[in-house]
Amino acid sequence: MDSSQLYGIASIAYILAMVAYISYLAFKNSTLGVIATTITAVGFVSHTLAFFLRWKEFYDIEQMGILRATPLTNLYESLIFFVWCLILGYLIIEWKYKNRSFGAFVTPIAGMALAFIDISGMSKGIQPLVPALQSNWLLAHVTMSFLSYAAFAISFATALMYLIVTTDDKKSGAYIFWTVALGTFMSVLIAMGLDFLTFKIAVKTPEAFIQSYLFKASYRSSSGAVVLISYIASAVFIFLIWKYGFILKKMITSFSISEDMLDDLTYKNIAIGFPIFTLGGLIFGAIWADQAWGKYWSWDPKETWSLITWFVYAFYLHARFLRGWRGSKIAMVAVIGFVCTVFTYLGVNLLLSGLHSYGGQ
Amino acid sequence: MSDNKRNQSIVDRIWNFFSSITLAVVVFTVISLTSIVGTIIEQQAEPERSIKLLSKMFGDAAPGVYKVLDALGFTNMYHSWWFFALLFIFAANLVICSLDRLPKIWKLVKEPIKPLNPEQFNVMPIKREAQLKAGPDEVKGTVEAALKKIGYRPLTRREDGSIQIYAEKGRHSRLGVYIVHFSILVILIGAVIGMLFGFNGSLNLLEGTTSSAAYQGNGTAYPLGFEIRCDDFEVSFYDNSDAPKAYKSWLTIIDNGKEVIKKEIDVNNPLKYKGITFYQASYGFSPNKDSLFRFAVMSNAGVVQNIQIKFGESFEIPGTKIVGKVAGFSPALGQDETGRLFTYAEMMNNPAALVEFTEGGKLKYKQWILKRYPQTWKVQDGTVEFKDLWGAQYTGLQVRKDPGVWIVYLGSILMALGLFAAFFMSHSRVWIKLSDEKKTAKVSVAASTNKNKISFEQKIDKFIKTVTG
Ligand code: HEM
């Protein structure tokens, strides 16, 4: 068995787990919960094996030493590693807090990353390292960045749950904020699922493996009607979440999760993610840039966006010290922080590199 | 509150303004939002490019929008006066806020733990009690040993009828946050020094040439104070592919006419001399009539000779009458499906020389010799190893002088240490009162921590278990 098959098993397991966790949240059937955890654990074991197997495969090809062959060198491998950290973090929390309801919020993030891998047409092959990437600083930079992204992802999930649990005034800013955030998140996830079904399963074209199909079945379809319908559907979906948000609140509160616990989990994950991100993401990144290009900071969009992300989380940490900034306000900052994180990682490559010519680097 | 405000002097008001976290939060927001604009509008770009981009968003108004943005400094915002002003406010905020809180924290950090009086004891956030069948003095030893085991250094005080044992851990971690804030200042100072006294430029050096200056983006020369020569440049590739494996330059520093350093550099491995660093940044191909083909020619009888010739010049296969001449060259020779040869890149990805062999002035045969493919070196009358086309490539060096960089590194180390202390260490304190109660000892525990209360409570419970056995 090779690493890509094991990754395949892990991906399928996580997607199934996502469905199982969401059903568990909805129906509160404890068998479903056990099934969800089991599938996740199986996926995680397979994922871990795949990671080391790929390491070995890379090592055999690269012939440059064991460290140089760490499979963390391109978008595909780093996203896979992100999912691994995320699931690991989730399993630890599930085990420590003996509560499975978080799963319904964390596994969709993993599902989104996996769907993105499959439809954005990124290369999954093992590529030889170009000279600039042959650096231990870069390795430490990438590893730690993704570790912190995973912590931020979990804080995003718990912050959203916090907002769901604490707000019920349909006219309040916080309520509108989370319904729009959750609605957008789910719409994007569903749109990616549609892309996957349309282009990967229904119409299997040979180009399907190299071309980007992101949102081609919905927001970016070649048919204007489909685009229009997609946007209307998303708007309706967000409206429904806004209208029936209290049901979600009921579901979550029935799992004996307290507001304080969610707030504390959000803070803890940011308190772990922030120092790791500062050291690995910003400092090690700067050292690598310094060694490779002779400039530790050059204000390119990627660097600038990671600085913005850093400021947002600094904002979060400091706002906790301000009276009046407790509770839902800073939970919103945590949600925005993760949106910035995603943008730093994907948005800069996808959107800004389309505007400019940064893509190459 | 408002009365208070009226009585404040101007200095106090400025101080209060700059020492507030609210200002910090505002500055975080403003820097973030303006930076976003800076990532959308390409910085220091040609106006036409930016206008083209803006017209996607603003249509015909684009040139006007560009003018406004340009006047506001958004086309080179990270060097604009207002961005520096923002960073300055940020720094001032940081300094004054830290100074404002430092005395309180300093007192806390300098003052070691003291025993508690009964009222204080009762209001501590964590409280536990236990009974032990032994006298307080016997229990004292057990308690102290158990505390030492989990990393505390206990102190004791005897009071009438009871003993108080107290200890703390991680008092200095309270300084962590301040170290983080201070480190940001250190980094900013390092960056400013680099900007004021440093230099950032580039230098393209053709193999075999020497330069005593580097060049800034706008073409101004910057004298190095010594000379640098490129002896050779080489790109190596992964087997049978055009994926580059390494870029290497062989450089020599010449100071006062003497060769002082010879070093091979590659990406991630620069050369440093007299505060100036040379990084392998790029390379280029610029062949000329002085470029030299370097061959190692061997006759079928095994006689070897190294040869350097220019394009169009001839050489002899040693010990024979066969004369070779380079008649064609391609930096990147490829073959299409029909077998036709063509040049597929403008860099020396796959250098190939077409060599014509003549005997007595008559063309005998000709052959493409590829540097990267030894199987093409064998010709009818011997072997022609294509070693290099020298003097045709230039190395692109990034040249930097930054006297502030070590300060930035120092700040980074401080920041790492400070963050570690701030997030992964805590200041915890325990007080244990042992009192005599009819042949049993009553153990009362009070404790506090500044972080992670839940896991600390678990630790205290575990501690009590070890004491009670
Ligand atoms: C991006 C820059 C900054 C970073 C990375 C930073 C970092 C931190 C961190 C990590 C903490 C600890 C938070 C926690 O334990 O949850 C903290 C606390 C704090 N920061 Fe900052 N900070 C920054 C800028 C500022 C500025 C400009 C001010 C000025 C008002 C400030 C004032 C404070 C205060 C008052 C605290 C609370 C300290 C305490 O616990 O006694 N920070 N900061």
Side-chain angles (χ1 to χ4, degrees), chain A residues 61-62 64 127-138 264 268 271-272 274-276 278-279 282-284 286-288 290-305 307-312 314-315 317-319 321-322 325 333 340 343 348 351-352 355-358, chain B residues 20-22 24-25 27-29 31-33 35-36 38-43 45 49 53 56 77-79 180 191 194 200 235 237-238 241 243-248 266-270 277-281 397-400 402 405 408-409 412-413 415-416 419-420 422-424 451-452 454:
Chain A
I61 293 178
E62 187 84 352
M64 264 192 174
Q127 295 139 351
L129 284 181
V130 299
L133 299 183
Q134 299 161 11
S135 155
N136 291 345
W137 289 111
L138 182 66
D264 189 55
K268 271 198 185 126
I272 291 171
F274 186 77
I276 298 179
T278 310
L279 187 67
L282 294 174
I283 297 180
F284 287 176
I287 295 177
W288 169 64
D290 190 31
Q291 306 237 314
W293 317 112
K295 264 185 180 175
Y296 54 85
W297 194 264
S298 46
W299 292 106
D300 82 12
K302 196 105 183 172
E303 284 171 343
T304 309
W305 267 97
L307 189 71
I308 293 168
T309 305
W310 191 61
F311 271 120
V312 175
F315 187 116
L317 292 171
H318 289 82
F321 285 96
L322 293 176
W325 269 87
V333 178
C340 288
F343 195 83
V348 172
L351 299 175
L352 294 183
L355 290 178
H356 311 312
S357 50
Y358 304 112
Chain B
S20 77
I21 297 200
T22 317
V25 167
V27 172
F28 290 165
T29 315
I31 294 183
S32 301
L33 291 179
S35 297
I36 292 176
T39 61
I40 295 172
I41 296 168
E42 195 174 354
Q43 299 293 299
R49 274 176 69 105
L53 165 69
K56 281 188 210 155
M77 67 164 273
Y78 306 112
H79 301 99
V180 173
N200 220 320
V235 189
F237 297 91
Y238 287 97
S241 85
K245 188 172 184 176
Y247 309 121
K248 283 191 161 76
D266 52 23
V267 183
N268 287 312
N269 176 24
T277 315
F278 298 88
Y279 298 86
Q280 181 69 59
L397 301 172
Q398 173 90 13
V399 182
R400 188 195 64 177
D402 190 345
V405 74
V408 172
Y409 277 145
S412 304
I413 294 171
M415 184 180 281
L419 284 169
F420 184 82
F423 285 107
F424 301 126
K451 239 170 272 157
N452 229 338
I454 296 169

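The sequence lines fix the lettering, A, B, ..., with proteins before strands; numbering per chain opens at 1.
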If one checks every heavy atom of B:S20 against chain A at 4.5 Å, the contacting part turns out to be neither
Chain A heavy atoms under 4.5 Å from B:S412: which part of the residue, side chain, backbone, both or neither?
both
Heavy-atom cut-off 4.5 Å, strictly under: side chain, backbone, both or neither for A:K302 against chain B?
neither
Report which part of A:W297 has an atom under 4.5 Å of a heavy atom belonging to chain B: side chain, backbone, both, or neither.
neither
Please identify, among B:N452, B:V408, B:V180, B:D266, the residue contributing the most non-hydrogen atom pairs under 4.5 Å to chain A.
B:V408
Atom pair CD1 (B:I31) and CH2 (A:W310), whose distance is rounded to the nearest 0.5 Å
10.0 Å
Distance (rounded to the nearest 0.5 Å) between B:Y78 OH and A:W299 CH2
6.0 Å
Closest contact, heavy atoms only, B:R400 versus A:G294
CD-O, 3.1 Å
With a 4.5 Å limit on heavy-atom distance, are the side chains of A:W137 and B:N268 in contact?
no
Heavy-atom proximity to chain A below 4.5 Å, by part of B:V27
neither
Segment of A:F343 engaging chain B (4.5 angstrom heavy-atom cut-off)
neither
Return the option, out of A:C340, A:A314, A:A286, with the maximum number of heavy-atom pairs under 4.5 Å with chain B.
A:A314
Residue list, salt bridge (charged side-chain N to carboxylate O under 4.0 Å, His left out) with A:K295, at least two apart or on another chain:
none
side-chain contact (heavy atoms from CB on, under 4.5 Å) between A:F311 and B:L33: does it pass, once the steps are laid out?
CA-CA 10 Å; A:F311 271 120; B:L33 291 179; over 6 Å; no
Would a 4.5 Å heavy-atom cut-off, applied to side chains only, mark A:I287 and B:Y409 as touching?
yes
For a side-chain contact (heavy atoms from CB on, under 4.5 Å) check, start with the C-alpha distance between B:V405 and A:D290, then their side-chain angles and the critical distance, and finish with the verdict.
CA-CA 9 Å; B:V405 74; A:D290 190 31; 3.8 Å; yes
B:A191 portion near chain A, given a 4.5 angstrom heavy-atom threshold
both
Using non-hydrogen atoms and a 4.5 Å limit, figure out which bit of B:Y238 sits close to chain A: side chain, backbone, both or neither.
side chain
Apply side chain to side chain contact (heavy atoms under 4.5 Å, CB included) to B:I413 and list each qualifying residue two or more places apart in sequence or on a separate chain.
B:L417
For the residue pair B:T39 and A:P301, what are the closest heavy atoms and their distance?
CG2-CA, 3.8 Å
Yes or no on side-chain contact (heavy atoms from CB on, under 4.5 Å) for B:F423 and A:L317, after CA distance, side-chain angles and deciding distance?
CA-CA 11 Å; B:F423 285 107; A:L317 292 171; 3.5 Å; yes
The interface call for B:Y279 against chain A, heavy-atom contacts under 4.5 Å, is side chain
Non-hydrogen atoms of chain A under 4.5 Å away: do they reach the side chain of B:F424, the backbone, both or neither?
side chain
